[in-house]
Structures are given as C-alpha cells and as structure tokens.
Number of protein chains: 2
Amino acid sequence: MSRRDEVLEAALELLDEVGLDALTTRRLAERLGVRPSALYRHFASKRLLLDAMVEHIAARGAAPAAPHGDWTAQIHSAAGNMREAMLAYRDGARLMATFVEPGPAAQASWNWFTGVARSAGASRELAELAVDTLTSYVQGFTIEEQARKSGVPRARRDKEFRAGLDLIITGIKASFS
Amino acid sequence: MSRRDEVLEAALELLDEVGLDALTTRRLAERLGVRPSALYRHFASKRLLLDAMVEHIAARGAAPAAPHGDWTAQIHSAAGNMREAMLAYRDGARLMATFVEPGPAAQASWNWFTGVARSAGASRELAELAVDTLTSYVQGFTIEEQARKSGVPRARRDKEFRAGLDLIITGIKASFS
DNA sequence: ACCTGAACACCGTTCAAGT
DNA sequence: ACCTGAACACCGTTCAAGT
C-alpha cells in the first residue's frame, strides 16, 4: 500500500468521523502525524484528494461482475450497492455530488446499468433515460437520507428506498414498446 | 425592505455569481460595503444565512395557488417549479441539499404535492411514496445538472428532465391499485 | 439600529530546505 | 521519496466600542 493510499484511507476515515464540512487538510495531516504541507506530495490539491475519495466510493458501489436474477433484481442490487457505498461514510452522498468529471468507476457503473436495461428489452433511448432517472433518484434519496433522516431507523429507510425504486421500475416496465 | 432582507438578497446574488464554495461572509460584507462583523447583527451565523437562502429558494419553487390541468400536469408544473427555483442560482440545488430541518415553504410544498396525488386517487401511502420519490428525483437531477451538464443545451436538459418525470408518473399511475 | 476595529482560532497552499 | 518550517492570503466569529 503506497503512502498515497494511506493518505486516502485516512481521509475516508476522517470523513466518516467528522463529516464533509470538518474534513480539513490540517486535521487530516494531524491524524497522519505529519505537517499539512506534507500532503501536497501525494495530492496536488484538496480537490484532487476529494476526487480520489469519490472514485473510491464509486468503485465500492459499482455493480457486481457476476449478477443474477432478472433485470429488476439486478437494478435493485446495483442501486442498492450505490446507496450502500455512499452510506458507508458520513456525508458520502453529498461528497459524490461535488465531483465534476465522472471517473472510470462511475462510467463503468453507468455502462453496466444501461446494459441491463437493454438486455431487458429497452431501446437505447429508454435504457439511457432509465439509468439517468434511477441515478438521479438514488443520489437524491441518499443525500436526503444522510442529511435529514438520521432519526429514522435503518429498516424503514431501506423500505422507503426500495419502494421508490419499484415505482420507477414499474414506470420503466410500462414504457417497454 | 429590512436590512436583513437586503443582506439576504445580496447573498443570493453573490451565490449566483461566485458559487457556493466562494460564498464567504467576507466577500458578502465587501459587496454590502460593510465589515464582516456587521453581518452578525442580521444573521447569527453563516449557517442561519444559508438556511434563509434555502427558504427563499424553496418558497420561489413552491407550487402555484391556483393550479390547472389534470394531476399529471400539476405534478409536472410543481416539479418544474422546484427545479426552476434551484436553477435560478448557481449551485442552488447543492445549497438545498445542505439544509437539515425543512422550513415552512418545503413543508407546504410537500403537503400540496401529496394533496394532488391523493385527489388523483392515490392512497395515503402511495401519495407519500410518490412525493418522496419525485422529490428525490428532482433534487438528484438538478444537482447533477448544475454540477456536470453546463455544456448541455438547456432545451435538451429540459427534455431529459421531463422524460424522467414521465417515467416516474407512469410508475405512479400503474400503481393505482 | 447598525456598524467599526481589533482580535482569535482557524483554513488551503507554496516553497525552500532537510533526511 | 517523504517531510519540516515558515510564510501567505484567506476563513467564520466575538466583543467592546462608536453613531
């Protein structure tokens, strides 16, 4: 594990402990037992560090290589993975909302998603629409969830998430042909 | 117009010009021709100023008092209003994602939304599910849009937004028992 | 009621220098 | 390769004091 990876790992731990607003380069340096200026050997700017964190979460949330079940089950597990990856760190969803260029993991996820929709019988247009709509939903739901539903039990949030997902899947199904 | 409102208005203008990350109390003070410490007479903290900005945008995006058309048309115009209000300021959607407690405008919007769904024949459960799903979608779509679709022409983004909305509305319709 | 002046404890970042 | 030390231009916020 490179020093760069150690910095990245520490940053993710710190994010989970203190949240996005309190994630500062100075605190991160302190946690690593190092001066703030030392970080700039590994990441040229805080923005690039945040991008690496985004990529890490996106990769963690990417769809499985060997999926099973029908396409609706695959959508459920892929969307569930995305949400899970963002929930794994405090403010994870809000962090994901700050990136500008989608990284390799985000693009791979998008491709996998559209592939599932296409093989289920959707046209290229419908597949892309479906994926974009699902992505917006998952992103929006999880941001809302992390910001304002800390009081709601996890099981209830899971149920709400799946219900909304089913609503959209129903819409996709009804749009075939 | 109270001085407080003038400060709020200046903050919204500044947000639109420089974006959320560069919206600092010091820059805001400069724009008002005043020292930073003077702001604290009107807002006890930057967080409370941001909350007031959120409430302003939420109110601007609230549904019209006299709606017309069938329920799908009403959903379209209400969701469109929400998106429009967030698009009115740079990073508007990301700002909306930072609030913790929903203000009066957000709650009124939510109530109006569920009322439309209920009067269309949805059960209380389905109505609430529909509103939460639509809200997550609009939020997620608009964040994505402001962060990463500045190159895509407005007309195309509008079309994408409406298509996703229709997909969800189709799902809601199909869920009417 | 509204603002200034001065201060405090922070930020991200650069750069020469050390090992 | 990795880090320190010192510095720079910033932050949000408090508080006594002015008008």
(Q) Check A/Asp158 with A/Arg83, please: is the shortest side-chain N to carboxylate O separation under 4.0 Å? (A)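 A salt bridge is present here (some side-chain N lies under 4.0 Å from a carboxylate O).
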Q) Starting at the 5' end of DNA chain D and moving along, which residue's nearest nucleotide shows up first, A/Leu32 or A/Arg26? A)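 Looking at DNA chain D, the more 5' nearest nucleotide goes with A/Leu32.
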Side chains of [X] and [Y], heavy atoms from C-beta outward: is any pair under 4.5 Å?
X	Y	result
A/Glu17	A/Arg31	yes
B/Arg3	B/His42	yes
A/Met96	A/Tyr89	no

Give the rounded distance in Å between these two atoms: [atom1] of [X] and [atom2] of [N].
X	N	atom1	atom2	value
A/Leu39	D/dA1	CG	C1'	15 Å
B/Asp21	D/dC11	CG	P	12 Å
A/Leu14	C/dG12	CG	P	11 Å
A/Phe43	C/dT13	CZ	C1'	16 Å
A/Glu30	D/dT4	CD	P	13 Å
A/Leu48	C/dT13	CG	C1'	13 Å
B/Arg41	D/dA17	CZ	P	16 Å
A/Asp5	D/dC2	CG	C1'	15 Å

Q: Tell me whether the OP1 or OP2 atom of C/dC11 has a side-chain N or O from A/Arg27 closer than 4.0 Å.
A: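 For C/dC11, OP1/OP2 do have a side-chain N/O of A/Arg27 under 4.0 Å.
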Q | Presence of A/His42 side-chain N/O under 4.0 Å of D/dC3 phosphate oxygens OP1/OP2 | A |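 Checking D/dC3 against A/His42, a side-chain N or O does come within under 4.0 Å of OP1 or OP2.
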Q) CD of A/Glu13: more than 12 outside heavy atoms within 6.0 angstrom? A)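 Yes.
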Mind checking [X] for me? I need base, sugar-phosphate or nothing, with any heavy atom below 4.0 Å counting as a touch.
X	value
B/Arg4	nothing
A/Arg35	sugar-phosphate
B/Arg47	nothing

Q. In the strands shown, is C/dA1 matched to any nucleotide by a Watson-Crick or G-U wobble pair with both distances under 3.5 Å, and which?
A.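 Its partner is D/dT19.
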**Q.** Pairing partner (Watson-Crick or G-U wobble, both distances under 3.5 angstrom) of C/dA6
**A.**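 With both distances under 3.5 Å, C/dA6 matches D/dT14.
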Q: Map B/Ser2 and A/Lys46 onto DNA chain C by nearest heavy atom, then report which one ends up closer to the 5' terminus.
A: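 Nearest nucleotide further toward 5': that of B/Ser2.
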Q) Which of these nucleotides, D/dC3, C/dT13, C/dT4, is closest to any side-chain atom of A/Tyr40? A)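 The closest nucleotide is C/dT13.
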Q | Out of D/dC11, D/dT4, C/dT13, whichever nucleotide has its closest atom nearest the side chain of A/Val34 | A |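 For the A/Val34 side chain, the nearest candidate turns out to be D/dT4.
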Q: Please evaluate the base of C/dG5 for a donor-acceptor partner in the side chain of B/Ser37 within a cut-off of under 3.5 Å?
A: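 Such a pair is found, so the answer is yes.
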